[in-house]
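The sequence lines fix the lettering, A, B, ..., with proteins before strands; numbering per chain opens at 1. Because only heavy atoms are used, hydrogens play no part in the values below, and waters and symmetry mates are left out as well, while side chains stay in.
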Amino acid sequence: MFPAKFEYYAPTTVNQAVALLKKHRDAKVLAGGHSLLPTMKLRLAQPPVLVDIGKVKGLAGIKVAKGGATIGALTTHATIAASKDLRKQCPAITEAAALIGDMQVRNRGTIGGSLSHADPAADYPAVMIALGAEMKAVGPKGARTINASHFFKSLMTTALKPSEVLTEVRLPPHQPNSGCAYVKFPNPASRFAVAGVCAWIALDAKGRCAKASIGITGACATATRASKTEAALRGKELNEETIAAAAAQAADGLDCLSDIHASAEYRAHLVTVLTARAIQQAVARAK
Amino acid sequence: MATQIIGSTVKRREDPRLITGAGKYTDNIVLPRMTFMAILRSPHAHARIKKIDASRAQKHPGVLAVYTGEDLKKGGVNPIPVGFVLPDMKTAQHHPLAIDEVHYVGDGMAAVVATDRYTAKDALDLIDVEYETLPVVVDGEKATHAGAPQLHPEAPDNVAYYWKVGAGDADKALTEADGVIKQRIINQRLIPTAMEPRVAIADYQPATGDLTLYTTTQNPHLIRLLMALVLGQPEHKLRVVSQDVGGGFGSKIYLYADEVIACFAAKQLARPVKWTEERTENYKATIHGRDHITDAEVGYKKDGTITALKVKTWANQGAYLSNFAPLIPTFFYGPMLQGVYQISNFFVEVWGTYTNTTPVDAYRGAGRPEAAYLIERAVDWVAFELKMDPAEVRRKNMIPPFTSAPYQTSMVYAYDSGNYPATLEKALKNAGYADLRKKQAELRKQGKYMGIGISTYVEITGAAPAQVAASIGAGVALVESALVRVHPTGKVVVYTGSHAHGQGHETTFAQIVADQLGLSVDDVEIVHGDTERTPWGAGTYGSRSQPVGGAAVYVATQRVIEKGKKFATHMLEAAEADVVFEGGKYFVKGTPSKAITFQEVALEAYTAKKVPADVESGLEAISFFNPSNFTFPNGAHIAVVMVDPDTGKVDLTRYICVDDVGKVINPMIVEGQIHGGIVQGLAQALWEGAVYDDDGQLLSGSMMDYALPIASNLPSFETSRTETPSPVNPLGAKGAGEAGTIGSTPAVANAVMDALKPFGVRHIDMPLTSEKVWRAMQKK
């Protein structure tokens, strides 16, 4: 519980933070500290420099407007879980936030920190992929936007460059006749997702599936999309049978993780079960 | 008794300080010139230490000293002894810091003492060690196989001891049985996870030669004795203080290497040395519990009568024998396999084995959970094979009520008192058992799987009749003492040898005294946890504090009353034989109106205004209580679960229990003990399990991977009691600390298996994780 020595900087603007990251190439960004600090205390991570963005103004908060929702990177999980506006527009993200860790973690941990850390068992990535979220990153050359589908690269690795800071998450505007849901099977020890699935479903005028977008987390080294299931749902009547048939393909082609909590085979099975449950809930909300 | 404080719900007097952050924990202690110690622990499960070079660490700024196993040996430090010795036991040398070879991941190899914690920790990385890794064995049974890696030359085939117990003729009974069930059953290894990790602060005064050890122990006196032996520090120059301790569950009973090293370093440096365990260190360096592999054979008749039980158990003891380790899988396990049943034929064999894992010792229940789990699963196997109701099989085999005389079991022990059928029937009634079965049948038709599990356990506590304990191998008499001291104003201080770390002795022991003396509990102070202030105690574990330590308080209080009578006799100008004490007053039999108060007598004891010279002043008494028998709490627990057929996830929906812990001093505290016990026991059934890989690395090395119970996953418990007072102590108490743990593991496991009955599943091993349950359902 005693981290190795490190230098500590607490910039007050994003630009200062970026400048520090550019100067210290091995630096790590500290936000809520709920992923980084435990690994430092175990000395599994020994970054020589920490850039604490906690004092940067304007990075926390939720704005929900017609054009979509924006969530500042420093917004805590607890704030997201409690946001009524957000719940109305996309309940999947408030559901996911409410299921993260425990109350202490939710009060300190931030969405930007979680997404940048890219733990394979984190909850948000499935939601980001399913909802088609965009991440705003600021680097030495200015700001850019990264689509969720391209953001999660591999185990604990994102598309962020070492000197970039994730500043904001943007969710697309709510579409009529659409619904979303996040369903999770928690690891009984850590409460991380053994598997977690977020489904976003849009219905057409006849109540058939116009579009489906499904994100999976926990099962693989990085969050991914259930493309076959999405394709299988498109244009279909949505009933228990068609949903089950589509969900059965959710784990096809996935290279699932195996550990002391769940074998790859069981994870793949869970993905199909959770996908069916998430779709059912999403459809119910779309109606 | 006019007051009736015994048996009433007095709020825990220790709670205000504990819940307002005013508790005095060892880690809170700050001494002048205090230094900080860190231990270098082996990253390998089995390796030869080819070279250990601390020169870089020694030169690191802030480092005061680095010690290795050789340094300790040269300094006269002895190996840590085992406190319970079986015949032909092969005790491996357990040096506080390893010499030549390390035997598990976490085995200490060197200690750094520095001016602050961070420096001490940094310097660990500067100790250069060259290892030659050796083959590893982590499985308690495989360790005995031919060709298995050998841990200690003293113990061929890694067998620390072989032990057996039996009754009747198990082989013959199995041959003659209508049916025999053979089943391998594993009681998995657990990590105790007390909320507070261990802490030790050693403070040596060179001018006087006094050494004080502040440590998080459950039994300061035993630690002092063992430390004196290991360190060569005279016992009268050694004080062990253990103030508030954040939970033990058995894991803080023992003398640990870290405490020895801290004491050694403090003497060397003549400065206080503090060591605080980290959580990940705690998972490796503090004992684990359970870890049995068992092959069982159960013989039964067609009518459900169980005729024989034959058992082979490999008890994984880890890399070294911890202080009490050999007691747990032998005398606290083998004879208890009879449970609450009339079974005449047994043969139980136990191999205690060394493996490249953290040492295993007593963890809440200690031996009895392993026994109760096996026999309670066995009863359900018989019910499964005969398609009988598990409640019916229990009724069929149950020992009839015995409330006036002890029941001699088939092996070793005589149960003190019990009415097992009444307890079972009450639990079934409270659960609405018949309705639950109906509901289960309806749900099954809808493809929903409800399970109802029963366990009717008995356990052994109240250790121990000293002479019996000595005859089976205990190194010290397991008696408890209490000194009851009355001050001139009639206020009382009790110095108890027992230690409290969550049990609430400061409340219940005060209740005993207040009840007897007619005082308020606020008039009674309880002092514990300091060898310099309190008389001998063998420690708080095995649910023994109330039946032994509480009994000592009771007897000493009675002696105070008797001594007080001598003063009262003169104050009342009566004959001693005519003086009685009731409701806090002395008076001549028949004339309570002319009574004198206990306070008046106390004052007389220190003023001697009315008593002649031949009545010795002062009012205090001591008792060393030695019970005539163990006590045997028992109960019936019923768990109701729902199993999700899609995922295998088990949800506990109801929990009903009826426990007989004998006479109850404080119902609320007993209830708290039962609640906590149930949670720890059902967590073994559903979630907890230490996992080593084949290289001896602990994969469940933190709370991220070791699944502890969480309140939000649990229903409210429906607790209730029956009461058969124990005849072996004056309180009639049996002990309540472990009952819940022992009853709940089999109840929940039986419930899950009951839910899986339509899938033809007779047994799967714990923890009953979602994946295991799901897989079992796929096999139909």
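At a 4.5 Å heavy-atom cutoff, the contact between B:D644 and chain A is made by side-chain atoms alone. Using a 4.5 Å cut-off between heavy atoms, A:P38 makes no contact with chain B at all. Looking at B:L686, there are no atoms closer than 4.5 Å to chain A (heavy atoms on both sides), in backbone or side chain. Of the two parts of A:L274, neither the backbone nor the side chain holds a non-hydrogen atom closer than 4.5 Å to a non-hydrogen atom of chain B. For a residue to count as touching a neighbouring chain, one of its non-hydrogen atoms must lie under 4.5 Å from one of that chain's; by this rule A:S263 touches chain B with backbone and side chain alike. Looking at B:S700, both its backbone and its side chain come within 4.5 Å of chain A, counting heavy atoms on both sides. At a 4.5 Å heavy-atom cutoff, the contact between B:N713 and chain A is made by side-chain atoms alone. Proximity to chain A (any heavy atom under 4.5 Å) is shown, for B:S702, by neither the backbone nor the side chain.
In this structure, B:M704 and A:F192 have side chains that are in contact, with non-hydrogen atoms separated by less than 4.5 Å. At least one side-chain heavy atom of A:R277 sits less than 4.5 Å from a side-chain heavy atom of B:T647.
Of the inter-residue distances, the one linking A:F2 atom CZ with B:K121 atom NZ reads 7.5 Å to the nearest 0.5 angstrom. With rounding to the nearest 0.5 Å, the separation of OH in B:Y692 from CD1 in A:I260 is 12.0 Å.
Using a 4.0 Å cut-off between charged nitrogen and carboxylate oxygen, B:E278 and A:R43 do not count as a salt-bridge pair. Salt bridge status for A:R191 with B:D705: absent, with no side-chain N to carboxylate O gap under 4.0 Å.
Side chain of A:H269 to main chain of B:D646: a donor-acceptor pair is present (N/O by atom type, distance under 3.5 Å, no hydrogens or angles).
Closest approach of A:Y266 and B:R775 over heavy atoms only: N-NH2, 4.4 Å.
Your options are A:A189, A:A4, A:P3, and the one with the most heavy-atom pairs under 4.5 Å with chain B is A:A189.
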